[in-house]
Amino acid sequence: MNNLIVANWKSNKNTLEVEDFFKVFSPKVKEVSLKRTEVVISPSFPFIYKCNQLISQDELNVSLAAKNISPFTQGAYTGEVAASQISDLAQYVIIGHSERRNYFNEDEDLIKKKVSLANEVGLKVILCVQDENTTVYDGVDTVAYEPIGSIGTGRPDDPERVEEVLTKLHERYPNVRLLYGGSVDSNSIHNYTEIALVKGYLVGGASLDADSFLQLISVCDEKN
Ligand code: PGA
């Protein structure tokens, strides 16, 4: 399985800022000869279409991820975006991010429903977990271990702890690709390059700037 690096832009960037990102990103990402890494960008819903257009126009080898989907199918659910509405625009969906679990009270029932709806329309699921005990449902492609104290804090998790959690997850779910996320930047990423089970990264703050994200892509691609 390839490595995966995901830019989680959270609720950041407007149209102009998305365009500015790609102006810098597109020519440079083409120069990186990606050997084993799939690059994914996760913009907010209104910009998925725009990013899709920019990726085709610039002929980039980059995939897209939604950051959430509705727990319902298409229909009368004002304000929700159904999995089937984005499945022709994005390849992945991030489900169960701790910011959704905490600020929007997403529980396991809801997360399970979303995983199932994503599977129905062929969206690959990146499930976020905060520890080794969280259930990983059938149909999850990738799990991102994101300890809550490390998200957006500048305090990346100890590599020993990351290895311990990933080892336990791998024992329970041997076919799932494992990522680390939480204050990954051009310094902290080197803490994890020796951990064989780390197959990539979910990056928040350090993915907002194109050059900063490109640096992380290169490091990720060197990792076995
Ligand atoms: P961070 O966010 O890199 O800004 O810590 C990671 C995430 O929440 O996915």
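Read the numbers this way: they start at 1 and go in the same order the structure lists the ligands and their atoms.
We find the CG-CZ distance between Leu166 and Arg161 to be 10.0 Å, quoted to the nearest 0.5 Å.
Side-chain contact between Ile217 and Leu34 is present, with heavy atoms from C-beta onward closer than 4.5 Å. Counting heavy atoms from C-beta outward, Tyr92 and Val125 have side chains that stay 4.5 Å or more apart.
Close approach of ligand 1 to Gly182 (heavy-atom distance below 4.0 Å) involves ligand atoms 5 (O). Within the listing of ligand 1, atoms 5 (O) sit less than 4.0 angstrom from a heavy atom of Ser150. Those atoms of ligand 1 that come under 4.0 Å of a heavy atom in Gly152, given as number and element, are 1 (P), 4 (O), 5 (O). Within ligand 1, counting atoms from 1 as listed, the ones closer than 4.0 Å to a heavy atom of Ile151 are 2 (O), 5 (O), 8 (O). Numbered from 1 in the order shown, with element, the atoms of ligand 1 that lie under 4.0 Å from a heavy atom of Gly205 read 1 (P), 3 (O), 4 (O). Of all the atoms in ligand 1, the ones that sit under 4.0 Å from a non-hydrogen atom of His97 are 7 (C), 8 (O), 9 (O).
Atom 3 (O) of ligand 1 has as its closest protein heavy atom Gly204 N, 2.8 Å. In terms of protein heavy atoms, atom 9 (O) of ligand 1 is closest to Glu146 OE2, 2.8 Å. The protein atom (non-hydrogen) at minimum distance from atom 2 (O) of ligand 1 is Lys10 NZ, 3.2 Å.
Around CG of Asn61, the count of heavy atoms belonging to other residues, nucleotides or ligands within 6.0 Å does not exceed 12.
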**Asked** Could you walk me through whether Leu202 and Val184 pass the side-chain contact (heavy atoms from CB on, under 4.5 Å) check?
**Response** CA-CA 8 Å; Leu202 181 49; Val184 171; over 6 Å; no
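For ligand 1, one of its N or O atoms has an N or O atom of Ser183 under 3.5 Å away. Considering backbone and side-chain N/O atoms, Glu99 never comes within less than 3.5 Å of an N/O atom of ligand 1.
Aromatic ring centres of Tyr201 and Tyr180 lie farther apart than the 6.0 Å criterion allows.
By the 30° and 60° cut-offs, the orientation of the rings of Trp9 relative to Phe22 is perpendicular.
Remark: side-chain polar atoms of Lys30 are paired, donor with acceptor, to backbone N or O of Asp58 under 3.5 angstrom.
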